[in-house]
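Below: one structure, written as C-alpha cells.
Because the structure is predicted, anything quoted here is derived from the model rather than measured. Numbering starts at 1 and runs along the sequence shown. Order of appearance sets the numbers: ligands from 1, and atoms from 1 within every ligand.
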Amino acid sequence: MQSYDEALAQILGSVTLPLTTELVPLEQARGRAVASDIWATCDLPPFDNSMVDGYAVRTASVGSASEELGLSLPITMEIPAGSWPTRTLRAGEAARIFTGAPIPEGCDAVVMVEDTQESEENDGDEAGRVTLRHPGSGGYIRRRGSDIAVGALAIPAGTTLRAGEIGLLAALGLSEIPCPRRPRVGILSTGDELISLAHTPLSPGQIRDSNGPALAAAIEEAGGLVVQRAHANDMPEAVAEAFAKLSGCDVILSSGGVSVGDHDHVKAVLEAQGTLSFWRIAIKPGKPLAFGTLGDALFFGLPGNPVSSLVTFELFVRPLLQKLAGHTRCLRSQITVTLAAPLPHAPGRREFVRASLDDNLRATPTGAQGSHRTSSMVGADVLIIAHEAHGDYPAGATLPALLLR
Ligand code: AMP
Ligand code: MG
C-alpha cells in the first residue's frame with residue numbers, strides 16, 4: 001500500500017511537461033497559469049506623475065514656505081489627469097496639478113492641496129494665486145518606471161493569474177496571454193445502480209449518479225475541461241467498452257468499481273487495456289484508488305463513495321490538473337487549525353477530515369464522517385490532516401489542514 005506522500009509524488013512525477021501553449025484573451029485568463037515569463041514592454045508608470053492633488057513647484061523657489069510664513073505664487077498652469085503640460089514650469093510659479101497628472105518640466109516637488117490656500121482676488125492675474133504653507137516634497141512625484149521598469153520581469157512563468165496579475169498585464173497593454181491549454185478530462189461513472197437523469201423516477205435499488213456532476217464541478221474548479229461523460233454497468237465488457245470510447249483526454253477519471261468486490265472491474269480492465277501503477281493508498285477516506293495510464297491519458301480509478309471520490313480528487317487529481325495546466329503552485333495551502341471539538345482518529349491511515357472554519361481558524365468537523373455522507377462535504381472549508389501515527393485528538397489540539405477555498 002502506498003503512503004499519501006509516495007502516491008502524491010508519483011502522480012505529480014508522471015507529468016513531464018505542461019500542456020501546449022495557447023493565447024488566451026486577458027478577460028478570460030483569470031485562474032490560468034502563464035506559460036512563460038512576462039517581461040515589461042514599457043515603464044510603469046509611463047511618465048512622472050503627481051501622487052496628490054496640489055501644486056507643482058520648483059523647490060529652489062519655495063524653500064521658505066512654512067505654516068507661519070505662507071508664500072504666495074501665481075498659478076500659471078492647470079494640469080488635470082489625462083492632459084499633457086504645454087510648457088515648462090519656471091521659478092516662482094505654481095501649477096495646479098491633480099493625482100495622476102504628468103509632472104511639468106522644471107517641477108521637482110508637489111505641495112499637497114491641504115498645505116495651501118488659493119486666493120480669491122487675483123491681482124489681474126487670470127489664473128489666480130496660491131499661498132503655500134509647506135515647501136512640498138519630491139516624494140509626491142511618482143517616477144516613471146518606479147512600479148516596474150521596461151525590460152524587468154513582470155510575472156514569472158507558472159504564476160496563477162488573479163485580479164492583481166490581470167491588472168498588471170492590462171497596465172502593460174497585453175491583451176492576449178500565453179497559457180498552457182486546459183487539461184481535457186473524461187469522466188466515467190460505473191455502477192448498475194446509477195441513474196444520471198434528474199427527472200427520471202428511481203426504481204427500487206437505484207440511486208442518482210452524484211459523483212459525475214460533483215467531479216465535473218471539481219474539474220472545472222481545478223482548471224480542467226470536461227470533454228466526455230460516460231456511464232458503464234458493472235460488467236467487464238461494459239467497462240472495457242467505455243474505456244475504449246474515452247478518447248482525446250489528457251486525464252480520465254472513473255468512479256466506483258475499483259475495490260475487490262465481485263462487481264468491481266475497473267482495476268482488471270485497466271491492467272488489460274492500460275497500465276496500473278498502484279491501487280491502494282493508506283488514507284481515509286479513499287483507500288482503493290487506482291492510478292495508471294489508459295492510452296495517452298493518465299488514469300484515476302476513484303472510489304465510488306461520494307465523499308471518497310471528491311476527497312481523493314482533491315488530494316491527487318486537482319494537483320495533477322494544476323500541474324498539467326502549468327501552475328507552479330499546484331498544491332492547496334496548508335494551514336494550522338485548532339480543533340473546536342475532540343477528533344476521534346484510529347492510527348494506521350492518514351485521515352482527511354472535512355471541517356468548517358471560523359474566523360479564528362478554529363475547525364469544527366462537518367458532522368459524522370462516513371464516506372457515503374454527501375452532506376458532510378457541505379460547508380467544508382478544510383481537510384484536517386490526522387496523522388497515521390496518532391490516536392484521538394482532544395479539543396484545542398492544533399493540526400495541519402488543507403485549505404479548500
Ligand atoms: P463502489 O466503489 O462501486 O463499490 O461504490 C461504493 C458506493 O458508492 C456504493 O454505495 C455506490 O452505490 C456508491 N456510488 C458509486 N458510484 C456512485 C456515483 N456515481 N454517484 C453516487 N454514488 C455512487
Ligand atoms: Mg459499484
ask   = Quick one: does Thr336's side chain get under 4.5 Å of Leu361's, heavy atoms only?
value = no

Review item, side-chain donor-acceptor pairs of residues 283-297, under 3.5 Å, at least two apart:
{"from": "Thr293", "atom 1": "OG1", "to": "Thr275", "atom 2": "OG1", "distance (Å)": "2.4"}

message = For atom 6 (C) of ligand 1, what's the nearest protein heavy-atom neighbour? Residue, atom name and distance, please.
response = Asn305 N, 3.7 Å

ask   = So do the side chains of Asp5 and Arg350 get within less than 4.5 Å of each other, counting heavy atoms only?
value = yes

ask   = Which heavy atom of the protein is the closest neighbour of atom 12 (O) of ligand 1, given with residue, atom name and distance?
value = Glu193 OE2, 2.5 Å

task = Just need the protein heavy atom nearest to atom 19 (N) of ligand 1, so name the residue and atom and give the distance.
result = Asp209 OD1, 2.8 Å

task = Compute the minimum heavy-atom distance from Ser259 to ligand 1 and say whether it is under 4.0 Å.
result = no

query = Going by heavy atoms, is Gly261 under 4.0 Å from ligand 1?
reply = no

message = Once rounded to the nearest 0.5 Å, what's the spacing between atom CG of Leu310 and atom CG of Asn305?
response = 11.5 Å

remark   = For atom 1 (P) of ligand 1, the closest protein heavy atom turns out to be Gly257 N, 3.7 Å

inquiry  = Does any part of the side chain of His231, heavy atoms only, come nearer than 4.5 Å to the side chain of Leu194, both counted from C-beta?
reply    = yes

message = Taking 4.0 Å as the limit for heavy-atom contacts, which would you say applies to Ile207 with ligand 1: side chain only, backbone only, both, or neither?
response = side chain

query = What is the nearest protein non-hydrogen atom to atom 4 (O) of ligand 1, stated with its residue, atom name and distance?
reply = Asp264 OD1, 4.0 Å

query = In the protein, which heavy atom is nearest to atom 23 (C) of ligand 1, and how far is it?
reply = Gly304 O, 3.4 Å

inquiry  = Under 4.0 Å, counting heavy atoms only: does Arg208 come that close to any atom of ligand 1?
reply    = yes

ask   = Do ligand 1 and Pro303 have nitrogen or oxygen atoms that lie under 3.5 Å from each other?
value = no

message = If we set the cut-off at 4.0 Å for heavy atoms, which region of Ser210 has an atom near ligand 1: side chain, backbone, both, or neither?
response = both

task = Do me a favour and list the nearest non-hydrogen protein atom to atom 17 (C) of ligand 1 with residue, atom name and distance?
result = Asn211 ND2, 3.2 Å

query = Is Ser255 near ligand 1, meaning one of its heavy atoms is under 4.0 Å from it?
reply = yes

inquiry  = Does either side chain, that of Asp381 or that of Ser356, offer a donor lying less than 3.5 Å from an acceptor on the other one?
reply    = no

request  = List in chain and number order the residues that pass side chain to side chain contact (heavy atoms under 4.5 Å, CB included) with Ser137, two or more places apart in sequence or in another chain; answer none if no residue qualifies.
outcome  = Tyr140

